[in-house]
Amino acid sequence: MGSQVSKQIARRKEISIQKKVLVDLEESFGETYPGSDYRPSDRKNWMAEFNPEKLHINQIVWPGTHDSATNRIGIPLITRPFAQCQSLSIYRQLCVGTRVFDIRVQEDRRVCHGILTTYSVDVVIGDLKRFLSETESEIVIFEIRTEFGHEDPPEFDKFLEEQLGEYLIHHDNTVFGKTIAELLPKRVICVWKPRKSPAPKHGSPLWSAGYLKDNWIDTDLPSTKFESNMKHLSEQPSVLSRKCFYRVENTVTPQADNPIVCVKPVTNRIHGYARLFITQCFSKGCADKLQIFSTDFIDEDFVDACVGLTQARVEGKA
């Protein structure tokens, strides 16, 4: 018992130390970078504000969400705090400016996070279609995967193609260098990551797992995650030469051996340092490598941080 208490005391001390590391870093470097003062006038149509004939896919810093469809997961106030990573519906996230989504499903096509479930994936697709019908030039990346420990939904690839076929941007390595205008009227890059079913093939309507990569680590320590994100990003090629999407997740994860196991208070340890991360990308010389930047509990400021860097790239300032 005594050793467990000592362990928890040491753990709390380490978390405090790591939080101070980020505070000190922010005080030293600030949050100013090319485009940091930019605010889109209409977040629902922020891509359209840049000329679709000039905005290339590889110029975009894509605001994304982690465990995107968990706003109604589990039972409110009972199990929800342990699995909820977003407070907004998919539609509301799209309207606020989110353009990359991480959707986890189980065999019956219900969205899940671990053992907890929520609405059917039909709700997610309905929200996406509603948004697409209300906008004209917004491109969306939808990553849909079978959750760990679950079986693939039967014939799910066919289901996705039937539901989204008219919007799907087929897999093609030339997409990365194209402008939005060159892709329209197609609007959705859908990455399907099954556990056992065959992966999408080259040239198919769906993209395979290898085209959306990351280096996720399982930690609740904010500075550890921040530094790991920077290290792995620095090892990537520039977005101008990359033939896949690379994601950085500005999140930390509750650990079972820690007294605090609810998502929000844990992920808040790093949530406010998105702009600092971008600033450090410039300081470390890897700002040209940042592409998808994802978060828990996305808000307008996170979106603006990404859109601002996109604007700087479009104007040749980054």
Side-chain angles (χ1 to χ4, degrees), residues 62-128 140-150 152-153 156 160 190-195 209 212-220 222 225 228-229 245-256 258 260-272 274 292-299 302-303 306:
W62 304 75
T65 50
H66 163 249
D67 266 304
S68 305
T70 54
N71 59 305
R72 291 169 54 191
I73 195 111
I75 303 171
L77 303 178
I78 299 176
T79 58
R80 184 169 298 172
F82 302 110
Q84 183 183 28
C85 298
Q86 305 298 330
S87 57
L88 303 176
S89 68
I90 297 299
Y91 176 73
R92 291 307 309 161
Q93 289 179 49
L94 284 159
C95 290
V96 85
T98 309
R99 294 295 178 265
V100 181
F101 295 85
D102 160 26
I103 310 296
R104 322 284 181 89
V105 296
Q106 60 183 28
E107 190 173 10
D108 63 359
R109 296 182 183 170
R110 292 176 70 85
V111 176
C112 61
H113 184 185
I115 62 172
L116 297 180
T117 62
T118 182
Y119 38 71
S120 166
V121 75
D122 292 339
V123 174
V124 173
I125 291 174
D127 277 3
L128 175 59
V140 178
I141 300 174
F142 246 57
E143 177 198 46
I144 305 184
R145 70 175 88 173
T146 303
E147 177 69 306
F148 180 79
H150 293 275
D152 298 323
F156 197 62
L160 291 172
C190 185
V191 181
W192 165 226
K193 296 184 175 182
R195 296 193 63 80
L212 203 171
K213 300 179 180 180
D214 55 36
N215 290 101
W216 180 82
I217 64 169
D218 186 12
T219 181
D220 64 351
K225 183 63 176 289
S228 174
N229 282 343
F245 293 100
Y246 184 78
R247 172 173 53 204
V248 173
E249 289 194 341
N250 190 59
T251 64
V252 286
T253 309
Q255 301 298 302
N258 195 283
I260 303 176
V261 291
C262 296
V263 174
K264 194 158 193 177
V266 173
T267 203
N268 275 349
R269 296 169 188 167
I270 198 172
H271 185 271
I292 296 175
F293 200 24
S294 292
T295 187
D296 291 325
F297 300 101
I298 197 163
D299 54 28
F302 186 90
V303 170
C306 298

Smallest separation among heavy atoms of [X] and [Y], with atom names:
X: I125; Y: L160; value: CD1-CD2, 4.3 Å
X: P153; Y: V105; value: CG-CG2, 3.9 Å
X: H66; Y: C85; value: O-CB, 3.5 Å
X: I260; Y: P265; value: CG2-CG, 3.9 Å
X: C306; Y: P63; value: CB-CG, 3.7 Å
X: Q86; Y: I298; value: OE1-N, 3.1 Å

Kindly say whether [Y] contributes a backbone atom to a donor-acceptor pair with the side chain of [X] at under 3.5 angstrom?
X: D218; Y: T253; result: no
X: R99; Y: V140; result: no
X: T267; Y: K264; result: no
X: D299; Y: F302; result: yes
X: H150; Y: G114; result: yes
X: D102; Y: D67; result: yes
X: S120; Y: V123; result: no
X: D152; Y: P194; result: no

To the closest 0.5 Å, what do you measure between [atom1] ([X]) and [atom2] ([Y])?
X: S89; Y: D127; atom1: OG; atom2: CG; result: 5.0 Å
X: S87; Y: R80; atom1: OG; atom2: CZ; result: 11.0 Å
X: Q106; Y: I115; atom1: CD; atom2: CD1; result: 11.0 Å

Going by atom types only, do N71 and Q93 share a side-chain donor-acceptor pair under 3.5 Å? no

For I217, I'd like to know if atom CD1 has over 12 heavy atoms of other residues, nucleotides or ligands within 6.0 Å. yes

For R72, does the CZ atom have more than 12 heavy-atom neighbours from other residues, nucleotides or ligands under 6.0 Å away? no

Given V191, which partner from the list V100, I103, L212 fulfils the side chain to side chain contact (heavy atoms under 4.5 Å, CB included) test? L212

Positive for side chain to side chain contact (heavy atoms under 4.5 Å, CB included) with F101, one of L128, I141, I144, L94: L94

Pairing residues for D220 by the salt bridge (Lys or Arg N to Asp or Glu O under 4.0 Å) criterion, not counting sequence neighbours: R11, R269

Output all residues satisfying salt bridge (Lys or Arg N to Asp or Glu O under 4.0 Å) with E249, sequence neighbours left out; order by chain, then residue number. R247

[X] side chain near [Y] side chain, heavy-atom distance below 4.5 Å:
X: Y91; Y: V96; result: no
X: V261; Y: Q255; result: no
X: E147; Y: H113; result: yes
X: V263; Y: Q84; result: no
X: N250; Y: S294; result: no

List the steps and the verdict of side-chain contact (heavy atoms from CB on, under 4.5 Å) for W216 and K225. CA-CA 9 Å; W216 180 82; K225 183 63 176 289; 4.0 Å; yes

Quick test of your reading of the model: are D122 and R109 salt-bridged, counting only N-O distances below 4.0 Å? no

Do F293 and W62 pass the ring-ring contact (aromatic ring centres under 6.0 Å, His included) test, and can you show the C-alpha distance, the side-chain angles, and the key distance before you say yes or no? CA-CA 6 Å; F293 200 24; W62 304 75; over 10 Å; no

Residues which pass ring pair (Phe, Tyr, Trp, His ring centres under 6.0 Å) with F297, listed by chain and number, not counting sequence neighbours: none

